[in-house]
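Here is the structure we will look at.
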Amino acid sequence: VDFFGVQAEASIVAFGQIRACQLIEKDNVGSWGQSRLYLCQHDNFLTRWIFDMIKTPKGWQAGNLRFDDKFSEGLK
């Protein structure tokens, strides 16, 4: 969760406040992995947020989180 806060703050500094996000794409990687692509509208730009999730015996957990300004590229 702290890592998410750091990433969110960095995006706000670069692109302005996040106003809304939409789930654009979801890709399962077997039974234990999933990548989710969200497109987020900031005050000054669109960003792509990719959440990689891992299924563990205790449930789903975050595996990786990243954002960038390549909003037209999908989950590449």
Side-chain angles (χ1 to χ4, degrees):
V1 174
D2 290 337
F3 181 71
F4 178 77
V6 169
Q7 292 292 326
E9 183 63 29
S11 74
I12 290 167
V13 169
F15 305 115
Q17 289 289 327
I18 297 171
R19 300 300 176 185
C21 294
Q22 295 178 349
L23 177 62
I24 301 298
E25 191 175 340
K26 183 170 50 171
D27 185 26
N28 289 323
V29 183
S31 299
W32 302 301
Q34 187 178 84
S35 291
R36 290 181 175 204
L37 168 64
Y38 290 86
L39 188 63
C40 293
Q41 175 69 58
H42 294 254
D43 287 333
N44 305 317
F45 210 73
L46 292 175
T47 55
R48 175 177 80 148
W49 288 78
I50 299 173
F51 294 84
D52 294 326
M53 307 295 290
I54 300 166
K55 188 173 184 181
T56 70
K58 295 183 179 182
W60 289 93
Q61 70 178 32
N64 189 23
L65 164 66
R66 60 196 180 279
F67 79 92
D68 58 37
D69 61 357
K70 299 174 186 173
F71 58 85
S72 64
E73 291 189 13
L75 271 173
K76 295 179 185 175

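Quick note: residue numbers are just sequence positions, from 1.
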Output side-chain donor-acceptor pairs under 3.5 Å for residues 54-62, partner residues at least two apart or in another chain, one line each.
unit_1 : atom_1 : unit_2 : atom_2 : d
Thr56  : OG1    : Lys58  : N      : 3.2
Thr56  : OG1    : Gly59  : N      : 3.4
Thr56  : OG1    : Gly59  : O      : 2.8

Which pairs of donor and acceptor atoms, one on a side chain in residues 15-27, lie under 3.5 Å apart (sequence neighbours left out)?
unit_1 : atom_1 : unit_2 : atom_2 : d
Arg19  : NE     : Asp43  : OD1    : 2.7
Arg19  : NH2    : Asp43  : OD1    : 3.1
Arg19  : NH2    : Asp43  : OD2    : 3.3

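One distance of note links CD of Gln41 with OG1 of Thr47; it measures 8.5 Å at 0.5 Å rounding.
What you find for Phe45 and Asp69 is that their closest heavy atoms are CE2-CB, 3.3 Å.
Note on ring orientation: taking the six-membered ring where Trp is involved, the planes of Phe67 and Trp49 are parallel (angle under 30°, cut-offs 30° and 60°).
A chain of hydrophobic side-chain contacts below 4.5 Å, direct or via other Ile, Leu, Val, Met, Phe, Trp or Tyr residues, connects Leu46 to Leu37.
In terms of the side chain to side chain contact (heavy atoms under 4.5 Å, CB included) criterion, residue partners of Asp68 (sequence neighbours excluded) are, by chain and number, Arg48, Lys70.
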